[in-house]
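Since the structure comes first, as structure tokens, the remarks are kept for the end.
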Amino acid sequence: MTQGLSRRTFLTSTGAAATLAAIGTPAYATANARDAATASEYVDVQLLNITDLHGNLHGSSVITGAGGSRVTVGGVGYMAAHLQRLRDDRPNSIFFGPGDMFSGWEFDAVSVADESTIEALNRMDFRFSSAGNHEFDRSPAFLTAHIERGIPFSEVGWDDEFIESTGRRFRGAEFRYYSANMVWSATGHTVVPPYNIEWVDAGHGRCLPIGFIHLTAIGTERAPASFQPALTTLDELHTVNRYAAELKARGVNAIVLSMHDGAVAGSDYNSGSNPSGPAYDLARQVSPDIDAIVTGHWHSRFNMMVPDPNGAPRPFVEAGCNGQLINEISLKLDPCSGKVIRELTVSTNHANTQDVAQDPELKEVADYWLGFTAQRGLTPIGRQTGPFTRARNAAGESTMGDLTADWAYWSGRQPIGPMNDGNKYRNVPADLALIAIAPRLGKAVIGGDLVAGTSDGAITFAQALKAVGYGDPVVTATVAGRQIHDVLEQQWTTGANGGVVFAPLAVSHNVRYTFDASRPVGDRVDPADVLIDGCPLDITKKYRLATMAYTFVQGDGYSALAEYSKPVRHVRDYESFVKFIGTHEVLTTAPLDRVSAKNAHLAARVSEVSAPSTEPRTNNLRFGSFQIPC
């Protein structure tokens with residue numbers, strides 16, 4: 001089993017003494033732990049971790065500490081300065097994370113295949129990470145080949161010639177990813193190694209091992225963004241206990257669980273109260289051989305001790321997200337057995353405050369990528385002859401909706417590239433595409449109108465990423481003709497006040513259909529009035545449908561598509577949309593003639609009164625001064 005990377009020199013200089021604002025009381029295993037610093041007869045080990053960085057190199061947010069105190073935090077330049085101070089005089093210091101380090105939504109991460117994030121982590125001597133759900137947002141191969149080994153990522157023409165701030169091409173991470181419970185469905189083999197062993201200096205030429213077991217959030221393979229049909233997540237409790245026993249059998253007597261699944265435990269980032277959530281449930285049950293539990297995924301902030309099944313306290317922590325906190329767990333190991341002296345364990349969440357001088361190297365890295373990607377965002381990738389807008393006619397059709405459906409249809413007919421290996425079925429090209437442009441639940445994949453900003457109609461890279469996408473892949477799957485009819489019927493529902501709510505679906509250019517707005521909800525579409533490539537919809541026939549993974553997993557609320565077979569995952573939305581524009585070169589608006597309404601005056605009245613929001617689903621993805629839907 002991999003035993004982790006050797007300690008590398010961490011070179012940094014702040015030019016000023018860094019100070020840490022630790023608001024709240026550290027978590028002590030016992031009252032005796034307050035004197036742990038003087039217990040020189042034991043081997044001192046410092047565990048430092050961050051979680052859910054999501055490529056956020058310039059993050060800034062406000063978090064709450066003891067007594068409701070508030071502090072501004074974030075940014076890798078500040079983080080590196082704080083790390084330097086924390087590591088001083090602590091030779092046995094290990095810096096790691098429980099997942100979602102990359103695959104963020106910041107433009108300076110997503111637009112350069114996450115290479116900016118990896119360079120920053122490399123510079124901070126990041127040692128290893130659990131594989132979070134978002135580490136699988138592209139594919140297992142993207143994680144193991146591109147991120148870990150630096151193999152160029154050429155999927156869908158995504159640029160693979162980025163130059164780091166050092167002037168050299170990306171060479172991959174100087175650290176590894178692990179997961180004990182993410183496996184290939186066909187073989188049961190783990191996608192990445194289940195655990196790693198780090199060695200610490202025990203003095204007198206001796207070293208002691210510490211084992212780290214890693215978990216990925218249950219259901220990652222079914223989540224909209226990471227949707228990976230060829231993968232399966234195993235039961236967490238059984239998996240951890242199995243590998244804890246294996247590590248013990250190998251003579252490893254200090255074990256840490258690093259898990260990408262979380263909990264909530266109050267509002268003070270450096271304490272914990274009323275904990276709940278899957279990570280907390282696991283923390284109370286998992287093997288007593290586990291000496292500390294580090295969590296992520298929920299973007300929560302807490303620091304507390306939770307008793308193991310034998311009643312012995314152990315740290316249970318989560319360090320927020322986007323570079324808000326650095327968690328520090330101080331362990332004391334018996335120099336002979338390597339066992340953790342639980343009574344002397346101390347854990348503290350340190351705020352990544354912005355009241356110190358930034359580390360100049362990390363500030364340079366973050367600023368370099370911000371400037372590089374800003375310039376890349378201005379690159380023209382295609383041209384349009386007219387505006388594409390979300391404004392809908394009486395039948396619910398819009399030029400932007402039609403364009404998005406055409407993109408999904410095109411994407412669903414593309415071959416699967418070598419970096420998209422998370423599929424267990426071969427791709428059978430899509431017969432049609434449907435896109436929720438004003439969904440029953442959630443918000444639309446359409447982020448905004450696509451309007452040229454120059455007289456020649458040029459579409460820039462940044463405009464394309466802003467127009468379509470929230471980090472979800474297009475998926476093609478087999479469905480029955482009956483389901484296609486039923487999902488078209490589900491565009492209309494009866495609201496709480498008795499009115500009709502219209503949640504229209506855009507259809508690809510090879511589809512035409514008519515609905516009757518005077519008919520009752522659930523009986524407005526005749527299959528004979530639905531034409532696919534000129535042929536009436538056959539409710540007994542099977543079709544390959546392209547839509548968003550979010551729609552297939554019921555994120556949009558169209559239950560008719562809950563049952564599907566032979567799903568094939570395609571490239572993520574904004575990456576694919578950029579390629580779509582580049583491939584077509586010129587986008588031309590077409591008449592809104594794919595959907596027609598009998599008794600159109602009734603359809604117009606309904607859509608005006610009760611159409612759902614067309615605002616995009618959003619998260620932290622930003623292009624400079626404006627936010628990107630994701």
How about CG on N310, more than 12 heavy atoms from neighbouring residues, nucleotides or ligands closer than 6.0 Å, or not?
yes
Looking at side-chain heavy atoms only, is the closest gap between K579 and V571 below 4.5 Å?
no
For the atom pair OH (Y368) and OG1 (T166), what is the distance rounded to the nearest 0.5 Å?
8.0 Å
Mind telling me whether F372 and F162 have parallel, tilted or perpendicular rings, with 30° and 60° as the class edges?
perpendicular
To the closest 0.5 Å, what do you measure between CD1 (I341) and CG (L333)?
8.0 Å
Is there side-chain contact between I63 and L325, with heavy atoms separated by less than 4.5 Å?
yes
Within a reach of under 6.0 Å around NZ of K339, are more than 12 heavy atoms found that belong to other residues, nucleotides or ligands?
no
Verdict with reasoning, M79 to L362, per side-chain contact (heavy atoms from CB on, under 4.5 Å):
CA-CA 9 Å; M79 180 183 292; L362 268 297; over 6 Å; no
Taking S300 for its side chain and A263 for its backbone only, find out whether a donor-acceptor pair lies under 3.5 Å.
yes
Can you confirm whether T239 sits close enough to I213 that some side-chain heavy atom of one is under 4.5 Å from a side-chain heavy atom of the other?
no
Parallel, tilted or perpendicular, as decided by the 30° and 60° cut-offs, for the rings of H54 and H134
perpendicular
Derivation of the side chain to side chain donor-acceptor pair (under 3.5 Å) call for T373 and S111:
CA-CA 7 Å; T373 53; S111 65; 4.6 Å; no
Between F175 and F128, does the ring centroid distance fall short of 6.0 Å?
no
Heavy-atom pair of closest approach, residues V294 and N49
CG1-OD1, 3.2 Å
Quick one: do D44 and K332 satisfy salt bridge (Lys or Arg N to Asp or Glu O under 4.0 Å)? Show the steps, please.
CA-CA 5 Å; D44 177 61; K332 298 296 181 181; 3.1 Å; yes
N349 side-chain N/O to Y269 backbone N/O, donor-acceptor pair under 3.5 Å:
yes
Got a salt bridge between E164 and R123, using NZ or NE/NH1/NH2 to carboxylate O under 4.0 Å?
no
For M182 and S226, run side-chain contact (heavy atoms from CB on, under 4.5 Å): C-alpha distance rounded to whole Å, both residues' side-chain angles, the deciding distance at 0.1 Å, then the answer.
CA-CA 12 Å; M182 179 60 83; S226 48; over 6 Å; no
Looking at CG of D114 and CD of E106, how far apart are the two atoms once the value is rounded to the nearest 0.5 Å?
11.5 Å
Side chains of I326 and E328, heavy atoms from C-beta outward: is any pair under 4.5 Å?
no
Between N241 (side chain) and S287 (backbone), is there a donor-acceptor pair under 3.5 Å?
yes
Distance from R85 atom CZ to L83 atom CG, nearest 0.5 Å?
12.0 Å
Ring centroid separation F227 to Y550 under 6.0 Å:
no
Does a sphere of radius 6.0 Å around CZ in R206 hold more than 12 heavy atoms from other residues, nucleotides or ligands, not counting ones at 6.0 Å or beyond?
yes
Looking only at heavy atoms, what is the nearest atom pair of P98 and G296, with distance?
CG-N, 4.2 Å
S330/R90 under side-chain contact (heavy atoms from CB on, under 4.5 Å): CA gap, chis, key distance, verdict:
CA-CA 10 Å; S330 293; R90 304 291 292 275; 3.1 Å; yes
Are any side-chain N or O atoms of N133 and backbone N or O atoms of A217, one a donor and one an acceptor, separated by less than 3.5 Å?
no
Minimum side-chain heavy-atom gap S103-R572 below 4.5 Å:
yes
All heavy atoms of H146 vs all of E115, minimum pair found to be CE1-OE2, 3.0 Å
Distance in Å, I293 CD1 paired with S347 OG, rounded so as to fall on 0.5 Å steps:
11.5 Å
Would you say the side-chain atoms of Q324 pair up with the backbone N or O of C321, donor to acceptor, closer than 3.5 Å?
yes
Taking G219's backbone N and O only, do any of them form a donor-acceptor pair with T233's side chain (distance below 3.5 Å, no angle check)?
yes
Salt bridge present between R250 and E246 (N-O < 4.0 angstrom):
no
Trace of the side-chain contact (heavy atoms from CB on, under 4.5 Å) decision for L282 with L237:
CA-CA 7 Å; L282 186 67; L237 181 61; 3.8 Å; yes
Taking D291 for its side chain and I255 for its backbone only, find out whether a donor-acceptor pair lies under 3.5 Å.
yes
Keeping the roles fixed (side chain from E135, backbone from M101), state whether a donor-acceptor pair exists under 3.5 Å.
yes
Could you tell me if the side chain of H570 sits less than 4.5 Å from the side chain of P473, heavy atoms only?
no
Nearest-0.5 Å distance, CG of residue N352 to CD1 of residue I50:
8.5 Å
Would a 4.5 Å heavy-atom cut-off, applied to side chains only, mark E361 and S165 as touching?
no
Which residue in the set Y243, W199, Y178, F96 passes ring pair (Phe, Tyr, Trp, His ring centres under 6.0 Å) when paired with F212?
F96
Quick one: do H58 and D367 satisfy side chain to side chain donor-acceptor pair (under 3.5 Å)? Show the steps, please.
CA-CA 8 Å; H58 290 86; D367 290 347; 3.2 Å; yes
Which atom of P26 lies closest to which atom of V346, heavy atoms considered
CB-CG1, 4.1 Å
Describe, in one word, how the ring planes of F142 and F102 are oriented to each other, choosing from parallel (under 30°), tilted (30 to 60°) and perpendicular (over 60°).
tilted
What are the two closest heavy atoms between N303 and A27, and how far apart are they?
ND2-N, 3.4 Å
Are any side-chain N or O atoms of R176 and backbone N or O atoms of A173, one a donor and one an acceptor, separated by less than 3.5 Å?
yes
Write down the atom of G320, the atom of R301, and the distance for their closest heavy-atom approach.
CA-CG, 3.4 Å
Are any non-hydrogen side-chain atoms of S179 and V191 less than 4.5 angstrom apart?
no
Using modelled atom types and a 3.5 Å cut-off, is there a donor and acceptor pairing between side-chain atoms of H82 and backbone atoms of T353?
yes
